[in-house]
Protein chains: 2
Amino acid sequence: MPAKTAAQVVEAPERSPLPAGRNLLFLREEELRLAQDLLFFGYRDFTAGADEILAELGMGRAHHRVLHFVGRRPGITVGDLLGILGITKQSLGRVLQPLVEEGYVTQTPGRTDRRQRLLALTDKGAALERRLFERQRETVMRAYREAGPAAVEGFRRVMRGMMGEDARAACDLLGEPAR
Amino acid sequence: MPAKTAAQVVEAPERSPLPAGRNLLFLREEELRLAQDLLFFGYRDFTAGADEILAELGMGRAHHRVLHFVGRRPGITVGDLLGILGITKQSLGRVLQPLVEEGYVTQTPGRTDRRQRLLALTDKGAALERRLFERQRETVMRAYREAGPAAVEGFRRVMRGMMGEDARAACDLLGEPAR
DNA sequence: CGGATGCGTCAATGATACTGACCCAAGAGG
DNA sequence: CCTCTTGGGTCAGTATCATTGACGCATCCG
């Protein structure tokens with residue numbers, strides 16, 4: 001990952017009578033309105049495909065999130081998963097319990113601390129997660145292909161910039177090599 | 001069943017230090033996993049600030065969406081708003097009715113078609129919408145400033161690419177000059 | 001007139017989230 | 001051994017956001 005801080009100030013004033021320097025310091029109203037629209041529609045359509053699959057199985061988006069993050073960090077503790085999802089123990093329990101009962105997720109006691117229940121995907125769980133992943137891959141790959149590699153890097157930087165400190169740390173951890 | 005045809009369609013001209021073959025597939029998978037993480041955390045934190053304000057007023061995200069899109073297209077019909085939001089009449093009614101009763105939104109009969117109820121924000125509604133807007137502006141402005149103008153353009157292209165046809169059309173309409 | 005359209009509303013259901021309280025088992029420290 | 005804390009599960013109640021199906025009403029239109 002190139003950690004370039006190249007902030008190109010040279011920006012063509014497309015449809016704006018404002019000077020370029022001001023664009024950097026003052027986010028014009030219409031730009032933010034557009035961002036709101038993009039996030040609303042984009043996020044909705046990003047999740048739409050996976051939602052269909054989940055609905056067939058009587059699951060919701062929350063189940064997918066559990067499958068995703070458990071798949072990303074096998075052996076994660078319940079407490080860490082709660083921190084990532086930002087929900088309460090009870091909310092997680094309502095989703096996690098069926099996933100365990102139906103054989104998508106395993107719970108194994110921690111070696112050093114046997115109070116912990118380390119979570120991992122079963123083959124069945126990994127298969128479902130992959131199915132959901134592939135569906136979303138179509139959506140994201142199309143967007144990436146249309147937008148081009150440079151746009152993808154920009155997308156990542158902006159999305160990351162909207163995250164708070166906690167989310168950034170959690171996101172960084174998820175991207176690291178095997179724990 | 002990987003017929004070699006699919007694997008060989010990979011674009012050749014890229015002479016970057018990127019590894020090829022399996023590693024390329026691995027990178028793509030990791031890229032998409034990262035995209036999933038970014039969208040989850042980014043969208044959540046993007047809406048978090050406005051959600052706090054809404055919670056104080058006993059409202060939810062759905063109320064904000066109505067205020068946003070009605071403010072964006074004053075005089076919009078109920079049917080058009082339903083199309084944009086992608087929800088049912090009943091779901092909208094449960095949110096819209098309180099907004100009208102509490103004086104955030106007005107309903108006025110259409111001039112040409114008196115069956116229509118054209119929606120618009122009152123001063124009170126516009127003030128609340130602006131309050132929510134300013135809160136989100138802080139989040140997005142910080143992200144835009146950190147990422148730079150080129151990244152912002154990339155972000156827009158990618159988000160737009162993830163939208164379906166309907167959402168793109170709706171999004172384009174919203175960005176057009178005053179109807 | 002009769003059908004289609006725009007809108008509101010009824011009832012029932014489900015997914016996702018919350019708070020507060022309580023319990024159990026296991027680690028940590030006196 | 002005996003508390004205190006921590007990781008985890010669970011119960012009860014509540015709220016928001018969404019669904020489907022059906023019905024009513026006013027209005028537009030051929």
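Here is the naming used below: chain letters follow the sequence lines, and residue numbers restart at 1 for every chain.
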Evaluate the side chain to side chain contact (heavy atoms under 4.5 Å, CB included) criterion for residues A:Ile87 and A:Val95: first the C-alpha distance (whole Å), next the side-chain angles of each, then the deciding distance (0.1 Å), finally the verdict. CA-CA 11 Å; A:Ile87 62 177; A:Val95 170; over 6 Å; no
Would you tabulate the pairs of protein nitrogen or oxygen atoms and nucleotide nitrogen or oxygen atoms of nucleotides 11-18 of chain C closer than 3.5 angstrom?
unit_1 : atom_1 : unit_2  : atom_2 : d
C:dT16 : OP1    : A:Gly60 : N      : 3.3
C:dT16 : OP1    : A:Arg61 : N      : 2.6
C:dT16 : OP1    : A:Ala62 : N      : 3.3
C:dA17 : OP1    : A:Arg65 : NH2    : 2.4
C:dA17 : N7     : A:Arg94 : NH2    : 2.6
C:dC18 : OP2    : A:Thr88 : N      : 2.8
C:dC18 : OP2    : A:Thr88 : OG1    : 3.1
C:dC18 : OP2    : A:Ser91 : OG     : 3.0

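- Between the CZ atom of B:Arg115 and the C1' atom of D:dC25 there is a distance of 12 Å, rounded to whole Å.
- For A:Leu92 and C:dT19, the CG to P distance is 15 Å, given to the nearest whole Å.
- A straight line from CG of A:Leu118 to P of D:dG9 spans 11 Å, rounded to a whole angstrom.
- The hydrophobic clustering, which links ILVMFWY residues whose side-chain heavy atoms are closer than 4.5 Å, places B:Phe69 and B:Leu118 apart.
- Around the CG atom of B:Asp172, the shell of radius 6.0 Å holds more than 12 heavy atoms that belong to other residues, nucleotides or ligands.
- In this entry the distance linking CZ of A:Phe40 with P of D:dC17 reads 13 Å, nearest Å.
- For the residue pair B:Asp37/A:His68, the side-chain donor-acceptor check at 3.5 Å is satisfied.
- For CZ of B:Arg142, the number of neighbouring non-hydrogen atoms (other residues, nucleotides, ligands) closer than 6.0 Å is greater than 12.
- Distance A:Gln97 CD to D:dC11 C1': 12 Å, rounded to the nearest Å.
- At whole-Å resolution of the value, CD1 in B:Ile76 and C1' in C:dC7 are 15 Å apart.
- The base of D:dT27 does not come close enough to the side chain of B:Arg114 for any donor and acceptor atom to sit less than 3.5 Å apart.
- For B:Tyr43 and A:Phe46, the distance between ring centers is not under 6.0 angstrom.
- Here the nucleotide nearest the side chain of B:Arg117, chosen from C:dC7, D:dG9, C:dG27, is C:dC7.
- For the pair A:Gln107 CD and D:dG7 P, the computed distance is 16 Å after rounding to whole Å.
- Distance, A:Arg44 CZ to D:dA18 P: 10 Å, rounded to whole Å.
- Checking D:dT27, D:dG9, D:dG7 against every side-chain atom of A:Gln116, the shortest atom distance belongs to D:dG7.
- With respect to B:Arg33 and A:Glu129, a salt bridge is recorded, a charged nitrogen being found less than 4.0 Å from a carboxylate O.
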